[in-house]
Every structure is written in C-alpha cells, then in structure tokens.
Protein chains: 2
Amino acid sequence: MHASLFAMRLLMRKDSRLSRMLHVLIHMDQLNAPATSEKIASMLNTNPVVVRRTMAGLRDKGYVTSVKGHGGGWSLATPLSNITLLDIHNALGESSVFTIGLSDEHTSCPIEIAVNQAISDVLIEAEALLLERFRDVTLDVLAVGFADYPLNQKEI
Amino acid sequence: MHASLFAMRLLMRKDSRLSRMLHVLIHMDQLNAPATSEKIASMLNTNPVVVRRTMAGLRDKGYVTSVKGHGGGWSLATPLSNITLLDIHNALGESSVFTIGLSDEHTSCPIEIAVNQAISDVLIEAEALLLERFRDVTLDVLAVGFADYPLNQKEI
DNA sequence: TTTCATGTAACTTATGATGTTTCATAATGT
DNA sequence: ACATTATGAAACATCATAAGTTACATGAAA
C-alpha cells in the first residue's frame with residue numbers, strides 16, 4: 001500500500017549487447033556479402049527482429065548500412081579502424097554504465113545531498129575513465145590476427 | 001523457439017540502496033534510541049520487511065545491531081568514522097557495479113575472446129578506481145555540518 | 001501475559017527488455 | 001508482372017527477479 005519509490009527505479013539487464021555487437025561487426029568485416037538479420041540472429045542465438053532493433057541504432061549513427069530485398073542485409077559502412085568501442089557503446093544508447101543509482105526522495109535533506117554528491121563524484125570519475133579507455137580502442141585492433149577465422153561454422 | 005542466451009542475463013535494477021542506506025545510517029547516528037524497521041521504512045517510503053532484509057546484510061558485517069521487542073530496533077554498532085562507502089557497498093552485496101556484461105556463447109572464438117578481453121580490461125580498471133574512491137570516504141565526513149538536522153519531519 | 005519488535009518463509013506484483021507474430025515496404029531475379 | 005527475399009515497424013506475449021506483501025514464529029520489555 002506504500003507509494004513505491006523503489007518502483008521508480010530503472011530496470012536494466014546485464015547488457016552484453018556491446019560485446020555481442022563488436023563480435024558481429026568484426027565478423028561482418030570478413031564477409032564479402034551483406035549479413036542478413038537471420039544469419040546474425042543465428043550467430044547470436046537470438047531473434048532476427050531483435051537484431052534489426054539493435055542494428056538500427058548502429059545504422060542511425062552511420063556504422064552499418066541495411067539493404068532490403070534479394071541479396072540484402074547488413075554491411076559495414078566504414079572500416080573497423082574508424083570505429084571505437086565508445087562509438088558502439090554510445091550507439092547502443094545505454095543510459096548509465098552503472099548499476100548504482102542515487103536516491104531522489106528527499107532532495108532538500110542535506111544528508112541525502114551530501115551522500116549523493118559523494119557517490120556521484122565517484123561515479124562521474126569512474127565513468128570518465130571508462131569512456132576514455134573505450135575511445136582508445138578501435139575495432140581493427142581486436143580483429144588483428146584473426147582475419148582467417150571462419151564465419152559460417154557453428155562455433156561462431 | 002530459440003534457445004535464449006539473452007535470457008541468461010542477470011536482471012538488475014538501478015540500485016539506490018547504497019545511497020538510501022548511507023542516508024539512513026547517518027540519521028541513525030543522530031538518534032538516541034534504536035530505529036525500528038517501520039520507522040526506517042517510512043523514511044524510505046518502502047516496506048519494513050524490505051528494510052529488515054537490507055539491514056540484515058549490514059548487521060552481518062557488524063555495522064549495525066538489531067534488538068527485538070519493546071524499545072528494540074536498529075542501531076549503529078560502530079562510529080560513522082569507522083564505516084566507508086566501500087564497506088556499505090560491499091555489505092549490500094552488489095555483484096557488479098556495471099550494467100555492461102560480456103558475451104559467453106562462443107568462448108573458443110578468438111574474436112569473442114579479444115572483444116571480451118578489451119572490454120574486461122576497461123571494466124576492471126574503472127571498477128578499481130571506483131572502489132578505491134569509495135574506500136576513501138567515511139560516513140562521518142558526509143554528516144559534518146548537519147548534526148542538528150531534525151529526523152522526524154516528513155522531509156526525511 | 002500483553003505488546004512490540006525482529007526473523008523468516010512463502011507468495012504476489014511490477015517491470016521492461018527480449019522474444020514473437022504479423023504485415024507493410026522495397027529490391028532483386030525470373 | 002510476379003514471386004522471392006529482405007528490412008521496417010507495430011503489436012503483443014514471455015520471462016526473470018527485485019520489491020512488495022502477508023503471515024506467523026521468536027524473543028524482549030512493560
């Protein structure tokens with residue numbers, strides 16, 4: 001019967017989309033033809049519609065293109081060397097990288113203010129470091145040495 | 001009909017327990033008497049049972065004590081100056097501070113390995129920084145200057 | 001022995017991304 | 001033209017789980 005403030009929390013899952021999409025993009029780089037949503041979905045053991053939803057975000061930022069109809073599918077729009085972890089992280093639209101949140105119930109209570117300020121300072125610093133590191137890594141670096149790894153096998 | 005691997009993700013909410021519990025602990029420091037679960041629950045606009053569940057973790061680590069019966073409730077077991085943000089963070093038992101996770105489907109694929117290694121390196125470094133900062137802040141610092149803020153008003 | 005409080009088990013609810021179905025749209029091949 | 005293959009997008013169903021709730025046992029104080 002309580003007015004739930006806990007219920008206002010953002011629901012989020014441990015999100016492996018970054019890892020998965022990087023994986024897919026690098027494999028795509030080794031293909032000559034576009035990869036269909038269906039093909040990518042089977043790589044990721046998920047659903048083609050989910051793939052389209054996720055890839056749409058990358059397309060909107062210009063990292064991949066989509067083509068309809070026969071012979072269509074998804075292709076890289078730019079070399080892997082032009083894409084950083086940060087680019088894909090941002091394109092996936094994560095609201096926050098942290099599971100830790102702040103209380104916002106008693107915004108006039110000086111204790112809550114002090115507590116939130118202390119936590120927030122730390123989160124901001126840690127996130128800045130994380131994003132900086134993500135910006136330093138381009139996808140071509142991750143692909144080095146694996147240019148010949150086969151795409152169409154079950155393992156992928 | 002796909003074997004869902006996405007479904008294996010950990011579900012987690014944006015967790016404001018750290019912020020809330022710090023807030024509560026500092027207020028408790030200003031009380032002469034134990035705070036009941038009911039009282040704390042009304043502070044946090046939540047349920048007494050939820051409070052007990054959460055406080056139980058802090059009690060197990062020795063930061064608070066609980067007393068049953070008349071005049072019972074929750075009290076600090078140690079001065080605020082002995083408790084750090086890291087202590088409470090750990091006591092709340094968060095599995096990971098990040099919403100970002102790794103793919104673990106194709107553990108023999110060298111691309112997945114390289115991708116996960118890159119992400120993991122960054123997460124580990126950022127988390128280490130965060131925990132280090134949390135360890136530097138004791139709760140008495142957050143309470144400074146607010147010793148006289150009233151507890152029983154609606155605002156808290 | 002009544003009251004008040006925590007302790008705990010069992011159950012219900014709320015949430016929202018993922019998963020799914022369906023149809024529209026568009027491009028290619030025959 | 002028409003069938004086939006692909007994305008686009010809307011609408012709905014599923015699923016996992018923390019939070020919320022109920023109920024009762026346990027223990028301490030008045």
Side-chain angles (χ1 to χ4, degrees), chain A residues 1-18 20-21 33-42 44-60 64-75 77 92-96 99-101 103 105, chain B residues 1-18 20-21 33-42 44-60 64-75 77 92-96 99-101 103 105:
Chain A
M1 206 59 79
H2 281 282
S4 168
L5 289 157
F6 276 89
M8 297 177 63
R9 292 177 186 174
L10 265 180
L11 188 69
M12 57 180 64
R13 288 166 185 276
K14 193 77 172 174
D15 192 343
S16 55
R17 287 180 304 156
L18 177 62
R20 290 154 162 274
M21 287 303 113
T36 66
S37 301
E38 184 114 29
K39 187 173 186 176
I40 295 170
S42 86
L44 297 178
N45 253 305
T46 184
N47 192 287
V49 178
V50 175
V51 171
R52 286 184 201 119
R53 281 203 284 243
T54 308
M55 295 293 281
L58 305 192
R59 183 194 53 215
D60 293 346
V64 297
T65 56
S66 60
V67 172
K68 287 183 174 182
H70 243 108
W74 301 89
S75 305
L92 291 175
E94 302 219 1
S95 50
S96 166
T99 58
I100 298 173
S103 166
E105 299 162 32
Chain B
M1 205 60 80
H2 280 282
S4 168
L5 288 158
F6 278 90
M8 294 176 66
R9 291 179 187 173
L10 265 180
L11 190 68
M12 56 179 66
R13 289 166 184 276
K14 192 75 173 176
D15 193 342
S16 55
R17 286 181 305 157
L18 177 61
R20 291 154 162 275
M21 285 304 113
T36 65
S37 300
E38 184 115 29
K39 186 173 188 177
I40 295 170
S42 85
L44 298 178
N45 253 305
T46 185
N47 193 286
V49 177
V50 175
V51 170
R52 284 183 204 122
R53 281 204 284 243
T54 308
M55 295 293 282
L58 306 190
R59 182 195 54 215
D60 293 346
V64 298
T65 56
S66 59
V67 173
K68 288 182 173 182
H70 245 111
W74 301 89
S75 305
L92 292 174
E94 302 220 0
S95 49
S96 166
T99 57
I100 298 173
S103 167
E105 300 162 32

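In the text below, chain A, chain B and the rest are named by the order of the sequence lines, each starting its count at 1.
Rounded to whole Å, the distance from CZ on A:Arg20 to C1' on C:dT18 is 11 Å. A straight line from NZ of A:Lys39 to C1' of D:dA6 spans 14 Å, rounded to a whole angstrom. The CH2-C1' distance, from B:Trp74 to C:dT6, rounds to 7 Å in whole Å. Here C:dT21 presents its C1' atom at 12 Å from CZ of A:Arg52, a figure rounded to the nearest Å. Counting to the nearest Å, the P atom of D:dA19 and the CD1 atom of B:Ile40 are 16 Å from each other. Atom-to-atom, CG of B:Asp15 to C1' of D:dA18 comes out at 9 Å; the value is rounded to the nearest Å. As a whole-Å value, the separation of A:Glu38 CD from C:dT21 P is 12 Å. What separates CZ of A:Arg17 from C1' of C:dA17 is a distance of 9 Å, to the nearest Å.
Under the side-chain contact (heavy atoms from CB on, under 4.5 Å) criterion, A:Ser103 pairs with A:Glu105, A:Glu112, B:Ser19, B:Arg20, not counting sequence neighbours.
Among all heavy-atom pairs drawn from B:Ala41 and B:Pro48, the shortest one is CB-N, 3.5 Å. Closest heavy-atom contact between B:Thr65 and B:Ala77: CG2-CB, 3.7 Å. Listed here is the closest heavy atom pair of A:Met21 and A:Leu92: CG-CD2, 4.1 Å.
Two residues, B:Val49 and A:Val49, neighbour DNA chain C, and the one matched to the more 5' nucleotide by heavy-atom proximity is B:Val49.
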Sequence neighbours excluded and cut-off under 3.5 Å, please list the side-chain donor-acceptor pairs for residues 50-58 of chain A, or say none.
from	atom 1	to	atom 2	distance (Å)
A:Arg52	NE	A:Ser37	OG	3.4
A:Thr54	OG1	A:Val50	O	3.0

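One distance of note links CH2 of B:Trp74 with CZ of B:Arg59; it measures 4.5 Å at 0.5 Å rounding. Atom CG of A:Asn47 is separated from atom CD of A:Glu38 by 9.0 Å, given to the nearest 0.5 angstrom.
With D:dT7, C:dT6, D:dG20 as the choices, the nucleotide that has an atom nearest any side-chain atom of B:Asn47 turns out to be D:dG20.
Between B:Ser66 and C:dG7, a side-chain N or O to OP1/OP2 separation shorter than 4.0 Å is present. The side chain of B:Thr36 contributes no N or O atom lying less than 4.0 Å from OP1 or OP2 of C:dA5. Between D:dA6 and A:Ser37, no contact under 4.0 Å exists linking OP1 or OP2 to a side-chain N or O.
For A:Arg53 and C:dG19, a side-chain-to-base donor-acceptor distance below 3.5 Å is present, hydrogens and geometry of angles not being considered.
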Please list, for nucleotides 26-30 of chain C, all pairs of protein and nucleotide N/O atoms separated by less than 3.5 Å.
from	atom 1	to	atom 2	distance (Å)
C:dA26	O4'	A:Lys68	NZ	3.4
C:dT28	O2	A:His70	ND1	3.2

